[in-house]
2 protein chains.
Amino acid sequence: MSGIPNGNRDEAPEGRVALRRKRTEDEIVAAAWDLVHEHGLGSLSMRDLGERVGMKAQSLYSYFASKNDIYDAMFREGQIAFAATMTITPDDLGGDESPQAELRMACHRFFEYCTSDTARYQLMFQRVIPDFVPSPQTYELAVETLGLARERMLAAGLDPDRDLDLWTAILTGLVDQQISNDPGGTRWERLIDDAVDMFFAFATARAGSRRNP
Amino acid sequence: MSGIPNGNRDEAPEGRVALRRKRTEDEIVAAAWDLVHEHGLGSLSMRDLGERVGMKAQSLYSYFASKNDIYDAMFREGQIAFAATMTITPDDLGGDESPQAELRMACHRFFEYCTSDTARYQLMFQRVIPDFVPSPQTYELAVETLGLARERMLAAGLDPDRDLDLWTAILTGLVDQQISNDPGGTRWERLIDDAVDMFFAFATARAGSRRNP
DNA sequence: GTCTATAGCTGGATAGAC
DNA sequence: GTCTATCCAGCTATAGAC
């Protein structure tokens, strides 16, 4: 179906070819990340990318049907890394497993994930590429990760339906200001713990007043 | 110096020519706003712009030396509107002139300013245009407007050096989430009052504990 | 000041030989 | 699967006639 030439040998020739193909695809995507880190997300071009992996730009179309498909592969990688980043185990917390400590760690993790790679941040959360829409499968993964935040909030005794949006606003606000107004610095990073305390105090007070009106 | 042809009449010929020129410049900038609203900030082109005002793209260079100069004029207009938006008089507050009420109004104003025109928001706060740097004069105006927020915070009995960055993070976080995840909706707009209460409670508690440690 | 003509550059993508 | 050759489209900006 994909037009890959297939030999006549029995020893899983398709497997070998597919493996080789997969390696090249990964190499292309890795090179794409390099380029967007160097020149910005929007400046990625097929010509540059081809040159970086040692082929002509036109040859890339043997691996990806379009430039957007490359963005999609990058988006997918970013989504997987994001899920891994936001998965917090009891081990990670080292002793203090209070809901507040977990929220704090989640906030630090999110902040680090976003600010450590602003090109990735733009691709995944800011929709900077016109006409790029992530494929349904990758989107599904994103929804799954948001579910982690919901569970965490429930475990903290808070009401996700009421507080989750406020929480995400605080997270993205810290990240956004850091990237826009103090790139490479720590001016907003230093406020993370304060922000978590602020949010937690407000949300628990609200949950408490609902229980004892 | 600018090569404008100058007649020999005494009745302020330069004034009339300059006025006409200014009108055309304003018309061009207004058309630029229209196009940006229709097709997005990054999609503004000199061709489209020329067509919209009824001239060839090349003729625009008689009025603006470059495309960036047009962006700069737009940025300047946005900055002036922003200053006007964020200036709150006692009249605006209608009765409740408490610091908290003023913060709340400031937040609503900021939110409305940003979400009502996302192209303008991108131009002014997100630096989406590569190689565009606003001219020093317009930047000066921006600093001035931030001063308003400082004063407001002082008047509220809070410490700007400590709380202003947290405040701006909350504002931009609400805006960012609204634009990215519920464009045209009110999902985060509805959280403004909660967010202000949250911030105010936290900041005043901190100010209080410093006074009575 | 406005036009035509054009330079000069970037980009994505396809056709077909090998 | 990779190449050459090519198409087609978009863009900013300049030169020079009128």
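Letters go in sequence order (proteins before strands), and every chain restarts at 1. Note that this is a predicted model, so its numbers are computed, not measured.
- When heavy atoms are screened at a 4.0 angstrom cut-off, B/L44 is found touching the sugar-phosphate backbone but no base atom.
- Residue B/Y63 is classed as a sugar-phosphate contact, given heavy-atom separations below 4.0 Å to backbone atoms only.
- Between B/D165 and A/R190 there is no salt bridge, since none of the side-chain N atoms of the basic residue sits less than 4.0 Å from a carboxylate O of the acidic one.
- Between A/S59 and D/dC3, a side-chain N or O to OP1/OP2 separation shorter than 4.0 Å is present.
- Separation of the A/Y113 and A/F82 ring centroids falls under the 6.0 Å cut-off.
- At the heavy-atom level, A/S62 lies under 4.0 Å from base atoms of the strands shown.
- Nucleotide D/dT12 holds its P atom 13 Å from the CG atom of B/D131, rounded to whole Å.
- Straight-line distance from the CG atom of A/N68 to the C1' atom of C/dG11: 14 Å, rounded to whole Å.
- Look at B/R20 and you won't find any side-chain N or O under 4.0 angstrom from OP1 or OP2 of C/dG1.
- For the pair A/R206 and B/D194, the salt-bridge criterion is met [side-chain N within less than 4.0 Å of a carboxylate O].
- Rounded to an integer number of Å, the gap from CZ of B/F132 to C1' of D/dT12 is 17 Å.
- When rounded to the nearest whole Å, the span between CG of A/L60 and C1' of D/dC3 equals 13 Å.
- Contact annotation: B/K56 side-chain N/O to C/dC3 OP1/OP2 distance is not under 4.0 Å.
- In terms of position on DNA chain D, the residue among A/R47 and A/M55 whose nearest nucleotide sits closer to the 5' end is A/M55.
- Regarding A/Y61, its OH atom lies at a distance of 14 Å from the P atom of D/dC3, rounded to whole Å.
- For the pair B/Q58 CD and D/dC11 C1', the interatomic distance rounds to 12 Å; values are reported in whole Å.
- Classification of B/D72 and B/R76 as a salt-bridged pair fails, no side-chain N sitting under 4.0 Å from a carboxylate O.
- Atom CZ of B/F64 is separated from atom P of D/dT14 by 16 Å (rounded to the nearest Å).
- The separation between A/E25 atom CD and D/dG1 atom C1' is 13 Å, rounded to whole Å.
- A salt bridge is absent between B/R23 and B/E27: the closest approach of a Lys/Arg side-chain nitrogen to an acidic carboxylate oxygen does not fall below 4.0 angstrom.
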